[in-house]
Amino acid sequence: MLYVCSTPVGNLRDITLRALEILKSADIIACETPEHTKKLLTHYGISCKLTSYREDNKEIAGNYLIQELNQGKTIVLVSDAGTPCVSDPGRNLVKKAVENGIEVIAIPGPSAVTAALSISAFHADSFLFLGFLPRKNSKREKVLLDIAKSYHTVIFFEAPHRIKKTFCELIDKISDRQVCVCREITKKFEETMRGDIRDIYLQLSSLKEIKGEFVIVIEGASDCEQEKTSEQDLTEEVNSLLKKGMKVLDAAKFLSKKYGLSRNFVYSLAITKKDDCNRCERSE
């Protein structure tokens, strides 16, 4: 059996009683960094065989772990912090286990994503989690534009050496959206910064040295922002989908979900573009 077990983001006391029971019962604990996981196990007096499972060895280590699982071993998958499979390679092991008919059980607990969202004061009924933003400029540009358009609360991680650059880029895309920035969440030097994007950039720029990992929560676009940008941004995509043969209703469903827009708004736009296309075809 494979257990996917959440461990503390920072404070070692943020662990569930059930998680401790499962870790004690494991034959093998698969972890990103054995030295890091040993600190947690030692703190709670747990002794167990550790196997490194990370991005650069996930195929070899994954095959080994599946063999052990097939022989009836109990394996617990943990990450260095928080919930496995969220911005780490754990998904690959879970996928292999499912394909091999192995039961996978979640041991829920700490998550930097939901922790930051819970104190942001932004809407939490729908949110978009992006992990770390892409490094490649073309992909990064697209993601930043998507954030600017998103009606949903957006959450992503950022490293200390890139945080100022990221906010500089956000200023260029979004003018006054509210942001909640959590640094070193649950740890000794935990800090929460709030304000609009320019405010946060100025706060970061005033620091001589920036340390710690960041979770950034950005408020979703307001109805006014949507109405101002939606038609212009959607026209090209609507045209592209209709030219590929997609039905108007299907195009409206797809784009309303993608951008968090009203389906009626997108449908009306798609109908208009469909009529335009038909008129063009008849004139030819």
Side-chain angles (χ1 to χ4, degrees), residues 55 85-89 91-92 94-96 98-99 113 117 122-158 162 165-179 196-198 216-284:
E55 184 63 35
C85 306
V86 179
S87 290
D88 78 17
R91 185 189 74 87
N92 298 79
V94 172
K95 187 171 184 292
K96 283 178 183 286
V98 171
E99 289 170 349
V113 177
L117 178 63
F122 302 147
H123 286 294
D125 50 350
S126 65
F127 64 92
L128 179 64
F129 172 60
L130 302 175
F132 284 93
L133 300 184
R135 302 283 188 86
K136 193 174 180 181
N137 286 337
S138 58
K139 290 183 179 179
R140 190 177 178 88
E141 178 78 9
K142 183 182 183 305
V143 169
L144 289 169
L145 287 171
D146 287 344
I147 292 173
K149 300 172 190 173
S150 179
Y151 185 65
H152 307 290
T153 300
V154 176
I155 308 169
F156 61 91
F157 297 147
E158 192 52 281
R162 289 194 300 268
K165 177 179 181 292
T166 295
F167 269 87
C168 194
E169 292 171 319
L170 286 169
I171 287 173
D172 187 47
K173 301 290 183 297
I174 314 170
S175 56
D176 58 358
R177 195 79 57 78
Q178 291 296 300
V179 187
D196 65 30
I197 288 169
R198 290 180 187 277
I216 299 165
V217 188
I218 302 180
E219 186 178 30
S222 66
D223 291 338
C224 292
E225 287 177 290
Q226 277 189 281
E227 290 169 7
K228 184 170 69 175
T229 62
S230 296
E231 185 168 351
Q232 177 184 334
D233 295 333
L234 283 169
T235 298
E236 265 188 45
E237 284 202 68
V238 168
N239 281 332
S240 175
L241 293 174
L242 293 177
K243 285 177 182 177
K244 289 176 181 177
M246 184 177 282
K247 293 180 180 179
V248 171
L249 184 58
D250 292 336
K253 286 180 180 178
F254 173 77
L255 293 173
S256 65
K257 184 176 181 181
K258 179 177 179 180
Y259 291 110
L261 298 169
S262 159
R263 188 183 298 178
N264 289 337
F265 170 78
V266 184
Y267 183 77
S268 297
L269 181 62
I271 283 289
T272 302
K273 297 306 169 187
K274 181 70 172 177
D275 291 342
D276 289 345
C277 288
N278 289 340
R279 280 195 292 271
C280 289
E281 289 172 2
R282 285 196 295 270
S283 64
E284 292 172 358

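A donor-acceptor pair under 3.5 Å is absent between the side-chain atoms of Thr153 and the main chain of Ala124, judged by distance alone. In this structure, Arg177 contributes its side chain and Ala148 its backbone to a donor-acceptor pair below 3.5 Å.
Taking NZ from Lys95 and CG from Asn92, the interatomic distance works out to 8.0 Å, rounded to the nearest 0.5 Å. To the nearest 0.5 Å, atom CD of residue Glu219 and atom CZ of residue Phe127 are 16.0 Å apart. Rounded to the nearest 0.5 Å, atoms CD1 (Ile147) and CD1 (Ile155) are 11.5 Å apart. A distance of 11.5 Å separates CG in Leu170 from CZ in Arg198, rounded to the nearest 0.5 Å. Atom CG of residue Asp146 and atom CG of residue Leu130 lie 8.5 Å apart, to the nearest 0.5 angstrom. Interatomic distance, CZ of Phe156 versus CD1 of Ile218, reported as 4.5 Å (0.5 Å rounding).
Of all the heavy atoms in Arg91 and Cys85, the pair that sits closest is N-SG, 3.5 Å. The two residues His152 and Leu128 have their closest heavy-atom pair at CB-N, 4.3 Å. Minimum interatomic distance between Arg135 and Arg140 (heavy atoms only, all atoms of both residues): O-CD, 4.5 Å.
Residues that satisfy the ring pair (Phe, Tyr, Trp, His ring centres under 6.0 Å) test with Phe157, not counting sequence neighbours, are Phe129, Phe132.
Residues Leu144 and Leu133 have side chains in contact (heavy-atom distance under 4.5 Å, counting atoms from C-beta outward).
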